[in-house]
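Shown next, in structure tokens, is the structure this report addresses.
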Amino acid sequence: MTTFNPNDIPSRFDFAEAQNRIFQMWESGGYFEGDPKSEKPPYTVVIPPPNVTGALHLGHALNNTLQDTLIRMKRMQGFNTLWMPGTDHAGIATQAVVERRLKEDEGKTRHDLGRKALVERIWKWKEQYEERILGQLKQIGSSCDWKRTRFTLDEVCARAVRHTFFDLFQKSLIYRGKRLVNWDTYLQTTVSDDEVFSKTVKGQFWHFKYPVIDPKPGEPEYVIVATTRPETMLGDTAVAVHPEPDRALDRVASELREKLKKSSDSEKAIVEGQLEALAARREAMLPKLEQLRDMASDGRKLMLPLMNREIPLVCDVWAKPELGAGCVKITPAHDPNDYEVAKRCDLPMINIMNRDGTLNIETGVYSGLTMKQARKKVVEDLDALQLLEKVEDREIELPQSDRSKTPIEPFLADQWFVAMSELSQSAIDAVVDGQVSITPKRYERGYLDWLGEKRDWPVSRQLWWGHQIPVWTKACESEAEVQPLVEAIQALSGFDETVAAIQLEPCEETDPEKRAKLELPFASIHVCVQSGCEEFESALEGLGLIREEDVLDTWFSSALWPHSTLGWPEQTPELACFYPTSTLITSRDIISLWVARMVLMGLNNCGEVPFDKVYIHPKIQDGFGETMSKSKGNGIDPLDVIAKFGADALRFGMAHLCTETQDVRLPVQFECPYCQHSFDQTKKNRILPKVSCPGCKKEFSTQWAESEEDKRLEKGAVISERFETARNFVNKLWNASRFAMLNLEGYEASPISEEDLTVEDRWMLSRLTSVSGNVTAYLEDFKYADATRELYEFAWHQFCSFYVEMLKDRFADETKRPHAQRMLAYSLDCLLKLLHPVMPFITEEIWQNLARICPERGWADVETANHCIIDAAWPALNPAWRDEAIENQFALYQAALSDLREIRNSQNIGNKKKVKFSIKCTGDIADLLQPLGIYFSRMANAELVELGPSAVAPETSATRTTADMEIYVDLDGLIDIGAEVKRLEKEKANLEKSISGKQRQLANEKFVAAKPDLAKEIQTSLSQAESQLATIADSLQKMTAKL
RNA sequence: GGGCGUUUAGCUCAGUUGGCUAGAGCAUCUCGUUUACACCGAGAGGGUCGGGGGUUCGAGUCCCUCAACGCCCA
């Protein structure tokens, strides 16, 4: 190794070079690895596995910075830490991305490729993005145990999924049922509610007449229903009317009156109009509505046109008497509200659609048509029958699939469900009992409310990318087939209930004739197979059973993450050591989807909660308060921030903005690739393929560049200037340590006795004690912003601006030098450790350099420093070193210094000009200030000529006062009287304001009676202020006289 | 529709249980290259704490109400 020369240290930290080198050193040194055999107490965090859909964004950078900061502190505190890394297969999101790519690049659909080939393609995509994601996490500095990296679709996780599914199936907590789903006819899959968006389009509102069968005298021959989707009438199974039209109209009216009270003037007219219309309607329609209600109660039936099917007239609250004719057609299999009506009224549900969006055989002559074709034909046919009453133009809300941008069809499909009642309750109890705490506490409510609904969890997804459901099914045509098949299956499994679990699902259609007509089986046999029984699976297929094609909801595997990654269901040493994990750090949008499900699955599978603390961090928005996303163009790549500012600055910036609020704003800038000028992103320029730099006027490309011409331009980075503060802080720390190393030549370690400590040494020890205690407590409580603020303030304005400055004088004195060196090495050592969790790279780099000059450090007890800072012992200073008296003493010095500097500035005295000054104060104060008096020279180029009660103001002087002192700067030959008068007048005004405020308070008898202690304090500060005022007034008078 | 959050200096945010002249960083202005750092140092200016009402001796802080913005659930 070449000899280390502090003079060679550059004045900037070369983070780009250091980050990779240091990370490799940590990783190859095994510092990230959790040891299941360790004697140390475990501390475990599982990463919220990022989706392999794409690259990481700034939200991930925040999330992982917080986890890494915590795990690094715990590692230094002596815990056996494990941060478990991995990625999520993210079912539909990933499959959709790959399918879209396939369509764009090759014009193919997944059906052209087939299941096997498509899944292979997605695996390739996954490999590519996983590598990129893990690379990004490492660049951030994440100290995960990378050898343990898991993927929610890998063998270990798959085994856990299969065991869980089998267990729940066996307990009958998994069952098969029908459910109305959002069907994407293009992708031929269900999409979740949050992947559906509503689009307002121009459409029509058709009014049809349905004939009444055998109307009684006085009853209408037709009822009128209205719809925006005529084709669905082929699947109608009822028409509903309101059971209490009278009361329903009353309620609407009273709601309108409530609204009227709250309305602004402009709205009032509209609401009043609505009320009048309602009253008129009531007058005209109520008898008819009541008649319809009576007809429904009497069991009157209607003839569904075109299909010639008898359908009932039913009573249900879904019908709105205030709208249209007051009747609503019910299509249970193709409308969510109608589906609910059908469940309430026990109506049949007729599915009229094939998976590709065409109409099925239920629709007779319409079979095979697309929805659009069917709509046209249905309207024409009804019109021909003179059953079309009228058509209105109207704006309608059309649900669309976010993935394929095609209309969503509500569709009744077979789905697997997890029964949630018991499972949810266990997860509710865990939080109510305090086994799991959620920080900030306000998020508990959403968690509990969501679980409290105990809605069954539909877990099947009609996708190819995911955990295929391990169930084999066969339909039995008759009752006679059932028993022999069950017996055959049991025999094949060797009557082993740990291999196969069987469920019998009877057909919900009990009428054998109807079953035959609709080609429905008598019952279905479902066999769930445990993992590792491939031969049995083949044998089942030999019996004619077919494997379920659907895969599981992504959250099913995510729910197992804390234990599946540790090897469950195997009772591995890792599981024994690291489960339950300690803390989960995530963002609020997945509290119910993920956190709640992990709790209940952890309890079900392991009998213990998966973690005892959950911390929910804020979400990052751009300067406009919008969430960042690639599709908006305001997304920031953490790697761009790292390239410009360094990983430590990114991390410090992230932690610094992590307050208890819900959202934090981070204004976004473009950075010109030519001149490095950065300027604000606007809603306009963030969507352009190329942007012109306002600095150098050259054009650069953005993420939207598509044309060859645009792509040839240099690409501009998207960054945020908010990281500049953090970058500057990194630089400050780097240079403070550079100064230290330049002055530690000849360092020798040896203990310092307590009596030899100077005032500033004791002050530094006191500060270090407070700061280390505060930072520890803040981080334990997830108060990241408070921790970074404390560290920033301490490192910059206390350690650098005062302590290091004061040490300079002591370094110049040979006799004081060795002592000063030891104190500097010790305090820097301590500061680096406190900063390490947030700023790991620079602290490690400085640590390693420091060790070359002073490998042994400490003031009372000298020890050899740990080889790496990453597992050095976390500072735990003796609380006895916290010394308020010393800190107050120091504050006196700082106050005097601040006044001196202000005089220099207001009098415009150059730094090189030495000034003389005196301080008038009590003898006690003088004793306190005395030892620090020499430092006025270095810090303000000012010489203290007199200190104590007898100090007097020179003839021409500037005067400042504090509560404890009067400061006179001798300005003979220097003074700008005008400036001084102005300054004194301002000071006088301030004091007068302060005095009158205090006087008012003390004149308030109730206050003095209620808070005597506080009143006493104010009384004291009032007399001080009055004495200050006297001094200032006196000076002002003298100065004014000289004008 | 229900729930949650936010509104404090030009910008981004702190502000503990109500209490003395409401703080920080960035930006602005003035001065300054004293060899760790100009990604620096010293200083200054800048706030009717979203509007209205209430409780209180006293409100940025507690309560009510209105407004704007954001998020989650239906």
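Just so it is clear: chains get the letters A, B, ... in the order the sequence lines come, proteins before strands, and each one is counted from 1.
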Restricting both atoms to N or O, compile the protein contacts to nucleotides 3-5 of chain B shorter than 3.5 Å, with distance only.
from	atom 1	to	atom 2	distance (Å)
B:rC4	OP1	A:R445	NH1	3.3
B:rC4	O2'	A:Q662	OE1	3.2
B:rG5	O4'	A:Q662	OE1	3.4

Check your understanding: Expressed in whole Å, how much space separates the C1' atoms belonging to B:rG52 and B:rA59?
Key -> 15 Å
Check your understanding: Is any NZ, NE, NH1 or NH2 atom of the basic residue among A:K619 and A:D589 found under 4.0 Å from an Asp or Glu carboxylate oxygen of the other?
Key ->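 Yes.
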Review point. Just the dot-bracket of RNA chain B, please: which string comes out with Watson-Crick or G-U pairs under 3.5 Å, [ ] for crossing, | for another strand?
Key: (((((((..((((.....[...)))).(((((.......))))).....(((((..]....)))))))))))).
Study note, to complete from the structure: When A:E671, A:E724, A:E721 are each screened for salt bridge (Lys or Arg N to Asp or Glu O under 4.0 Å) with A:K644, the one that passes is A:E671
Could you check whether [X] gets within reach of a base, just the sugar-phosphate, or nothing at all, counting any heavy atom under 4.0 Å?
{"X": "A:Q621", "answer": "sugar-phosphate"}
{"X": "A:T659", "answer": "sugar-phosphate"}
{"X": "A:K998", "answer": "base"}

Check your understanding: Donor-acceptor pair under 3.5 Å: do we get one between A:E805's side chain and the base of B:rA36?
Key -> yes
Practice item. Specify the separation, in whole Å, of atom CG of A:L742 and atom P of B:rA36. Key: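 In whole Å, B:rA36 P and A:L742 CG are 8 Å from each other.
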Revision key, fill the gap. Rounded to whole Å, the CD-P distance (A:E724 to B:rA38) equals 16 Å
Point to revise | Ring geometry between A:Y615 and A:F782 (parallel below 30°, tilted from 30 to 60°, perpendicular above 60°) | key: parallel
Check your understanding: Under 4.0 Å between a side-chain N or O of A:R455 and OP1 or OP2 of B:rA74?
Key -> yes
Review point. In terms of side-chain heavy atoms, does A:Q681 have a donor or acceptor partner in A:R686 at a distance below 3.5 Å?
Key: no
